[in-house]
Protein chains: 2
Amino acid sequence: MAIITRETDYALRALTGLALADDFLPVSTLAEQEEVPPDFLRKIMQRLHQAGIVESSQGPFGGYRLARSARRLSVLDVVETVQGPLVMSECISRPEICGRIDYCPFRRRLSALGAGLNAKLAKVRISDAANEIQSAREAAK
Amino acid sequence: MAIITRETDYALRALTGLALADDFLPVSTLAEQEEVPPDFLRKIMQRLHQAGIVESSQGPFGGYRLARSARRLSVLDVVETVQGPLVMSECISRPEICGRIDYCPFRRRLSALGAGLNAKLAKVRISDAANEIQSAREAAK
DNA sequence: GGGTATGAGACTGATATACTCCTATTATTG
DNA sequence: CAATAATAGGAGTATATCAGTCTCATACCC
Ligand code: FES
Ligand code: FES
């Protein structure tokens with residue numbers, strides 16, 4: 001089972017592309033650059049827009065750009081926006097449906113692992129990815 | 001999104017029950033104890049049996065028991081048996097479908113997180129859970 | 001052989017995933 | 001200032017997975 005869906009993967013690619021562009025970029029360009037089906041990316045960008053991660057401009061020369069610095073945008077933000085909160089299991093995340101909360105021997109251990117993963121995903125920033133691409137480009141010159 | 005499905009959750013409960021019983025236990029008893037739909041648990045036990053995690057005995061006084069010590073059975077084993085390998089993303093786990101393997105700035109970082117999570121899940125053993133239940137029972141006496 | 005238990009697997013409803021297509025809005029152009 | 005072209009916005013669809021049920025065959029004990 002994959003923890004990160006393709007939708008999130010595509011969103012990460014697109015946001016990295018936007019971080020490098022630093023200007024309004026249309027979905028068509030972004031989709032070609034990042035090798036994502038354009039119509040699918042359009043829908044993904046809408047969700048990122050609703051979540052306030054990107055700003056949009058319609059009409060010719062429009063497109064999307066980051067709404068905040070790539071340094072303040074983590075992989076966790078993107079995961080949570082696209083596929084919802086990342087949790088170890090439904091039973092752990094929702095005490096009201098658990099029913100064995102007092103004596104379940106896995107709850108504590110597994111929820112700690114979930115919290116750990118979330119913390120690590122929060123430390124990977126879009127700017128890290130953008131910087132890596134940037135460095136590679138300069139090295140290739 | 002939940003990393004561990006309900007099916008895996010049920011499997012963990014059942015295996016912990018078996019670890020405490022240390023004898024053949026029928027699915028009906030196990031299902032009642034662990035609060036799992038009996039027919040669903042039956043199917044889950046079949047998969048655990050195919051994977052060699054439990055042994056079965058048919059007929060009266062039959063049921064399932066652990067095929068190996070609970071100390072040698074980790075949560076990761078159960079996750080992989082029930083829901084397949086746990087990976088960060090499809091694109092990361094299958095280089096042949098990736099296409100951007102040489103320059104993807106997320107591949108290295110995220111696959112490291114995936115490996116870390118797998119390692120931690122491998123360190124949580126069914127015996128840990130069984131021991132915790134055992135201790136609680138003795139304390140309640 | 002009768003009764004109790006598991007084994008294998010087909011079948012189903014609901015939800016999520018991955019993607020497509022049509023519509024509304026904006027900016028330039030003649 | 002309308003027509004047009006470029007863009008985002010949002011509805012809709014096919015497939016897969018999840019979660020569970022049901023049936024029937026098989027093995028075992030008395
Ligand atoms: S978290 Fe609910 S039973 Fe374990
Ligand atoms: S792992 Fe394939 S594009 Fe990032």
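Here is how names work: the chains are called A, B, and so on, in the same order as the sequence lines, proteins then strands, and each is numbered from 1.
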Problem - N/O (side chain, B:R42) to phosphate O (OP1/OP2, C:dT6) under 4.0 Å - result: yes

Practice task
May I ask you to verify whether the side chain of B:E7 and the base of D:dA19 hold a donor-acceptor pair under 3.5 Å?
Solution key: no

Completion exercise
Sorted by position of nearest nucleotide on DNA chain C, 5' first, the leading residue of B:G63 and B:P60 is B:P60

Practice task
State whether A:E132 and B:R109 are salt-bridged, where the test is any N-O pair (Lys NZ or Arg NE/NH1/NH2 against Asp/Glu carboxylate O) under 4.0 Å.
Solution key: yes

Problem - Residue B:P37, side-chain heavy atoms: nucleotide from C:dA8, D:dG20, C:dC19 that is nearest - result: D:dG20

Problem - Pairwise 5' ranking along DNA chain C for A:Q58 and B:G59, keeping only the more 5' one - result: B:G59

Handout entry: A:H49 vs D:dG9: side-chain N/O to OP1/OP2 distance below 4.0 Å
Key = yes

Exercise for the section: Measure from the side-chain heavy atoms of A:F40 and tell me the nearest of C:dT20, D:dA19, D:dG9. Expected result: C:dT20

Exercise for the section: For A:Q50, answer base if it contacts any base atom (sugar-phosphate contacts may also be present), sugar-phosphate if it contacts only those atoms, and nothing otherwise; contact means non-hydrogen atoms under 4.0 Å. Expected result: sugar-phosphate

Completion exercise
Ranking A:M1 and A:L25 by the position along DNA chain D of their nearest nucleotide, the one closer to 5' is A:L25

Problem - Which nucleotide in C:dT6, D:dA8, D:dA19 has an atom nearest any side-chain atom of B:V27 - result: C:dT6

Practice task
Determine, for A:K43 against A:E7, whether the closest basic-nitrogen to carboxylate-oxygen distance falls under 4.0 angstrom.
Solution key: no

Handout entry: SB check B:D77 B:R68 (cutoff 4.0 Å)
Key = yes

Practice task
Show your working on salt bridge (Lys or Arg N to Asp or Glu O under 4.0 Å) between A:R125 and A:D128 and close with a plain yes or no.
Solution key: CA-CA 5 Å; A:R125 289 154 304 186; A:D128 298 335; 3.2 Å; yes

Problem - From D:dA19, C:dA18, D:dT7, nucleotide with atom closest to A:K43 side chain - result: C:dA18

Practice task
Compare side-chain N and O positions of B:S57 against OP1 and OP2 of C:dT6 and report whether any pair is under 4.0 Å apart.
Solution key: no

Handout entry: Under-4.0 Å side-chain N/O to phosphate OP1/OP2 contact, B:Y10 with D:dG20
Key = yes

Exercise for the section: Ignoring backbone atoms, test whether A:Y64 places a side-chain nitrogen or oxygen under 4.0 Å from the OP1 or OP2 oxygen of D:dT7. Expected result: no

Problem - Note: A:R13-A:E35 ion pair, threshold 4.0 Å (strictly below) - result: no

Handout entry: Any B:R6 side-chain nitrogen or oxygen under 4.0 Å from OP1 or OP2 of D:dG20
Key = yes

